[in-house]
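This chain uses plain numbering: 1 for the first residue, then up along the sequence. All ligand and atom numbering here is 1-based and tracks the order in the structure. This is a predicted model, so every value here is computed, not measured.
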Amino acid sequence: MTVFNKKKVDFTKEKIFFGEELNTQRFDEFKYPVFDKLTQRQLGFFWRPEEVSLQKDRSDYQQLSESQKHIFTSNLRYQTLLDSVQGRAPAIAFLPFVTIPELESCIITWDFMETIHSRSYTHIIKNIYSDPSDVFDTILDEPAIIARAENVTDKYDKFIELGRRRLLNLKVDDYDLYKALYLALISVNILEGIRFFVSFACSFAFGEAKQMEGSAKIISLIARDEAQHLAISQHILKCYKNHENDKIMNKVMKDCEKEVYEMYEDAVQQEKDWAEFLFQHGSMIGLSTPLLGHYVEFIANKRLRAIGLNPIYDRSSTNNPLPWTKHWFNSRGLQNAPQETEIESYVIGGIKQDVSDDSFKGFKL
Ligand SMILES: [Fe+2]
Ligand SMILES: [Fe+2]
């Protein structure tokens with residue numbers, strides 16, 4: 001392996017993964033421009049948790065009932081685990097094998113933004129709890145979290161193991177390697193597209209009730225990033241399905257269809273169990289275990305459709321069971337007077353690439 005391939009290679013014709021090793025990081029021509037767009041958008045959305053004040057959240061938290069505290073803290077623990085995985089795994093698993101520069105840059109930005117998410121949980125925890133260790137040190141003591149942690153990391157670990165063997169020039173079957181990559185991508189799609197959503201809904205329900213609003217705002221910024229990350233795995237999967245013409249991957253995708261549907265089903269069931277665990281001492285205004293169950297099914301159908309698979313739940317695609325969550329997912333739609341609250345709906349360094357070849361036709365210098 002080399003960090004700069006000396007060979008001349010046309011990377012606009014290279015495979016997404018496992019092609020010729022990369023050399024120049026150039027961003028003027030692309031095989032798949034969508035990954036550069038996703039990088040630009042992620043960078044434009046850059047934010048820091050310290051920009052959001054949690055002063056009121058601290059006193060709000062003291063006023064919460066025990067069942068509400070259980071919901072809030074448990075979600076925080078679970079999300080801390082999920083983002084710890086995501087703040088590390090894309091760089092360890094996918095980065096060594098990516099062979100188009102626009103996706104390399106996109107994965108680095110993706111992983112970096114995930115570390116902002118982990119930092120934001122530290123920001124929330126440090127501001128709300130008198131002893132942050134009460135939350136951090138107990139994440140791995142919670143059986144309901146451990147039960148799901150295995151599913152979150154399993155496919156990543158398998159791909160990393162085979163990938164490392166490949167890097168060490170040990171014998172690895174190509175089919176097994178592609179299968180591990182494909183299932184890791186699916187598991188990331190599930191992680192970012194389904195697993196966060198029960199926690200998101202609870203955070204936004206607190207926000208709707210004007211409780212823990214600072215935390216809800218931070219979570220809405222995280223949700224905005226997650227939408228970009230979700231698009232990354234969706235587009236990689238779509239490229240393989242429609243453009244790459246990769247025989248091994250095409251066979252893997254066909255062979256694994258049943259396993260993939262089962263992965264979505266398992267994740268949906270686990271999220272339903274999580275909702276039950278959260279609401280075991282009492283639910284929240286606007287939410288209930290069955291409602292969250294319907295919501296997770298609705299979201300899972302959407303995710304399956306987006307990667308060209310069939311929806312598996314009997315849910316209409318237009319009927320969102322939690323329509324009030326929508327504006328939290330689109331923070332650009334939040335209309336607040338600046339004196340009322342903090343505005344987080346800005347884009348830093350955002351650019352619009354809408355200049356065509358003849359835009360300056362009438363100009364003369
Ligand atoms: Fe994240
Ligand atoms: Fe993410």
Side-chain angles (χ1 to χ4, degrees), residues 34-35 37-52 74-95 98 103-125 135-136 139 145 148-149 151-156 159-160 184-204 215-237 263-264 267 271 274 296 299-300 302-303 306-307 325 328-331 344:
V34 65
F35 296 117
K37 279 202 185 109
L38 286 167
T39 305
Q40 301 274 14
R41 204 175 302 152
Q42 288 184 83
L43 290 172
F45 284 160
F46 178 79
W47 59 283
R48 296 188 61 194
E50 292 78 9
E51 294 160 14
V52 181
S74 301
N75 276 326
L76 210 47
R77 286 192 182 113
Y78 181 48
Q79 284 191 256
T80 306
L81 172 105
L82 292 183
D83 270 304
S84 299
V85 170
Q86 281 305 85
R88 182 174 302 128
I92 299 179
F94 304 132
L95 207 50
V98 63
L103 184 57
E104 178 194 41
S105 171
C106 193
I107 292 172
I108 292 170
T109 311
W110 171 19
D111 210 315
F112 165 67
M113 286 311 297
E114 300 287 12
T115 66
I116 300 278
H117 300 176
S118 292
R119 286 185 175 279
S120 67
Y121 302 129
T122 299
H123 178 59
I124 294 174
I125 291 166
V135 182
F136 283 126
I139 292 172
I145 290 180
R148 297 191 301 169
N151 275 60
V152 170
T153 55
D154 177 40
K155 300 290 187 273
Y156 260 138
F159 177 56
I160 290 168
L185 286 166
I186 292 286
S187 124
V188 171
N189 187 268
I190 290 173
L191 196 163
E192 299 190 307
I194 297 177
R195 289 190 190 276
F196 275 105
F197 279 72
V198 166
S199 305
F200 282 162
C202 294
S203 301
F204 300 154
S215 306
K217 263 185 198 154
I218 288 179
I219 301 297
S220 81
L221 290 165
I222 291 177
R224 183 176 68 174
D225 292 343
E226 292 309 334
Q228 314 314 312
H229 305 165
L230 179 64
I232 300 173
S233 61
Q234 284 172 341
H235 280 288
I236 299 174
L237 292 165
M263 283 168 71
Y264 280 91
E271 293 314 299
W274 180 248
V296 176
I299 296 283
K302 244 172 115 161
R303 303 303 177 237
I307 57 167
T325 54
W328 290 94
F329 283 107
N330 181 9
S331 63
E344 86 292 352

Checklist outcome for this item: Sorted by chain and number, protein N/O/S atoms nearer to the Fe ion (ligand 1) than 2.8 Å are Asp83 OD1, Glu114 OE1, His117 ND1, Glu226 OE2
Checklist entry - Any side-chain heavy atom of Arg148 within less than 4.5 Å of one from Tyr78? => result yes
Item to check | Nearest heavy atoms of Pro90 and Val85, plus distance in Å | outcome: CD-O, 4.2 Å
Checklist outcome for this item: Note: Asp111 and Ala91 closest approach over all heavy atoms is OD2-N, 2.7 Å
Checklist entry - Taking the six-membered ring for Trp, are Phe35 and His235 parallel (under 30°), tilted (30 to 60°) or perpendicular (over 60°)? => result perpendicular
Checklist entry - For the residue pair Phe94 and Tyr156, does the interplanar ring angle fall in the parallel (under 30°), tilted (30 to 60°) or perpendicular (over 60°) class? => result tilted
Checklist entry - What is the ring orientation for Phe200 with Phe196, classed by angle as parallel under 30°, tilted 30 to 60°, or perpendicular over 60°? => result parallel
